[in-house]
Undergrad: 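I have a structure here, written as structure tokens, and I will follow up with some questions on it.
Convention: sequence-line order gives letters A, B, ...; per-chain numbering from 1. Note that the coordinates shown come from a computational prediction; the quantities given were computed from them, not determined experimentally.
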2 protein chains.
Amino acid sequence: MLEGEVVSVSRNARPGTRQEILDAAARLFAATGFKGTSLQDIAGEVGCSKAALLYHFDGKDAILAELVAPAVAAFAALDARLAGLDEGAAQLAAVEGFVDLVMRFRREVTVLYGDIPDLLQRPALATVQEMTDRLLDALTGRSPEPAARASALMVLGGIPVVCLEPAGLGDDELRSVLIRSAARALNLPVA
Amino acid sequence: MLEGEVVSVSRNARPGTRQEILDAAARLFAATGFKGTSLQDIAGEVGCSKAALLYHFDGKDAILAELVAPAVAAFAALDARLAGLDEGAAQLAAVEGFVDLVMRFRREVTVLYGDIPDLLQRPALATVQEMTDRLLDALTGRSPEPAARASALMVLGGIPVVCLEPAGLGDDELRSVLIRSAARALNLPVA
DNA sequence: CTCAGAACTGTCCGATCGGTCAGATCCTGA
DNA sequence: TCAGGATCTGACCGATCGGACAGTTCTGAG
């Protein structure tokens, strides 16, 4: 009551809108993907008009650009740092640096993968999520330990990526390399 | 020349159209994502009208559903098989089975990740691709061996996935677990 | 030769997309 | 007090989206 006049935030001319837009966009991009999120969706989440978004940003792409800019810059810093190291040092620094990078910019990474959870929710792929959960369980040896789950999740997410781009290996070789790498990551005795 | 009459394929009433649609859709979904691909795009790739697509399929979702159905079925078979095994056997079978599954259905997996290459092509993320290539190089210890590249790619793709969903671990623990798992996968001496 | 059905086309539809624009509202400093 | 810039709104735009529909062409069985 004392400060009713001051507290009452006018609906217009708020200074924090720009950051609110970025936060809302990050949430929506992560949930439904960049293409699956309209300016109207973001405006609704923020509580402003679509035109207000375009006052603060040059367009939908500009929102994405500003959202990921810090992560891209940090990635570039890592890239530059690795360039100055020899093989052995770079290898270790790459692992540590990439883990740090991804953990620090979880939100931005989630945006990058944003379309997948939306796809997985469609009827055609609805069962995949539960099956993936059970597969993760099997990969841990049915252990509930978070550390085991983390390792299994890395394997579960890493294997598909390998198959995305053509490796210079035949299928049989690639198969055995993948299985052995995964087994090492999971601390499994080599088959 | 002998069979000119038989060979001349009439533009209408071809029997293979349904499969052609699925192939074209798979290519386009993989390149520009499901949401980023319009029915018009698919029709153009096939060389038929948009209405022809909707004659063969109940809608865009139905095309996706039929495209991924074999992969989902194979995943379900793996899921059922793992359910009947004890921890140790299931763990090994899960690794082998998942690698086999992903390799056999590369195309379908690519569709699932289809939106990412398109996002990466935008100006805001254009540099990420080159930096990722160099990071992959560093992770292999600057080795050009395909086997080393495959392991590094698994790590590179797996680490972000772990950060997507909240693990039951604090940041410091998660960090060290990830680094150690990755190091094992890469055959690095533990730091 | 006929004709039923499969395969396909051109056209149209309502909804929604990203984006523009003229003006209303608000805050600030002179 | 008042001018002016920053902030924001409602209305509107052309393009494109997924999809519906009536009609046309082709094929193969009788």
Undergrad: Quick check on B:Asp86: does its CG atom have over 12 non-hydrogen neighbours (other residues, nucleotides or ligands) under 6.0 Å away?
TA: yes

Undergrad: Take B:Leu53 and A:Leu54, find for each the nucleotide of DNA chain C with the closest heavy atom, and name the residue whose nucleotide sits nearer the 5' end.
TA: B:Leu53

Undergrad: Looking only at side-chain N and O atoms, does A:His56 come under 4.0 Å of OP1 or OP2 in D:dA6?
TA: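 Negative; the distance criterion is not met.
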
Undergrad: OP1 or OP2 of D:dT7 less than 4.0 angstrom from a side-chain nitrogen or oxygen of A:Thr17, does that happen here?
TA: no

Undergrad: Rounded to the nearest angstrom, tell me the gap between atom NZ in A:Lys60 and atom P in C:dT20.
TA: 15 Å

Undergrad: Show, in sequence, the C-alpha distance, side-chain angles and deciding distance for A:Cys48 and A:Glu20, and conclude whether the side chain to side chain contact (heavy atoms under 4.5 Å, CB included) test is met.
TA: CA-CA 10 Å; A:Cys48 68; A:Glu20 282 180 34; over 6 Å; no

Undergrad: Check B:Asp115 with B:Lys35, please: is the shortest side-chain N to carboxylate O separation under 4.0 Å?
TA: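 The answer is no: the pair does not qualify as a salt bridge.
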
Undergrad: Could you check which of D:dT7, C:dT9, D:dG18 has an atom nearest any side-chain atom of A:Tyr55?
TA: D:dT7

Undergrad: Any donor-acceptor pair, under 3.5 Å, between the side chain of B:Lys50 and the base of D:dG19, if you only look at N and O atoms?
TA: yes

Undergrad: Taking only the side-chain heavy atoms of A:Ala51 (C-beta and beyond), determine which of C:dG18, C:dC21, D:dC8 contains the nearest atom.
TA: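 Taking heavy atoms from C-beta onward, the closest nucleotide is C:dC21.
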
Undergrad: Please determine, by modelled atom types, if A:Asp133 and A:Gln129 share a side-chain donor-acceptor pair under 3.5 angstrom.
TA: no

Undergrad: Are the charged groups of A:Asp171 and B:Arg106 less than 4.0 angstrom apart, N to O?
TA: yes

Undergrad: Among residues 34-43 of chain A, which ones have heavy-atom contacts with DNA chain C below 4.0 Å?
TA: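 Residues of residues 34-43 of chain A under 4.0 Å from DNA chain C: A:Thr37, A:Ser38, A:Leu39.
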
Undergrad: Grab the CZ-C1' distance between A:Phe57 and C:dG18 for me, whole Å please.
TA: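 The answer, rounded to whole Å, is 16 Å.
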
Undergrad: Any luck finding a side-chain donor-acceptor pair between B:Arg107 and B:Thr110 under 3.5 Å?
TA: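 No donor-acceptor contact under 3.5 Å links the two side chains.
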
Undergrad: In whole angstrom, give the distance that lies between atom CD1 of A:Ile21 and atom C1' of D:dT7.
TA: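 After rounding, the reported distance stands at 11 Å.
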
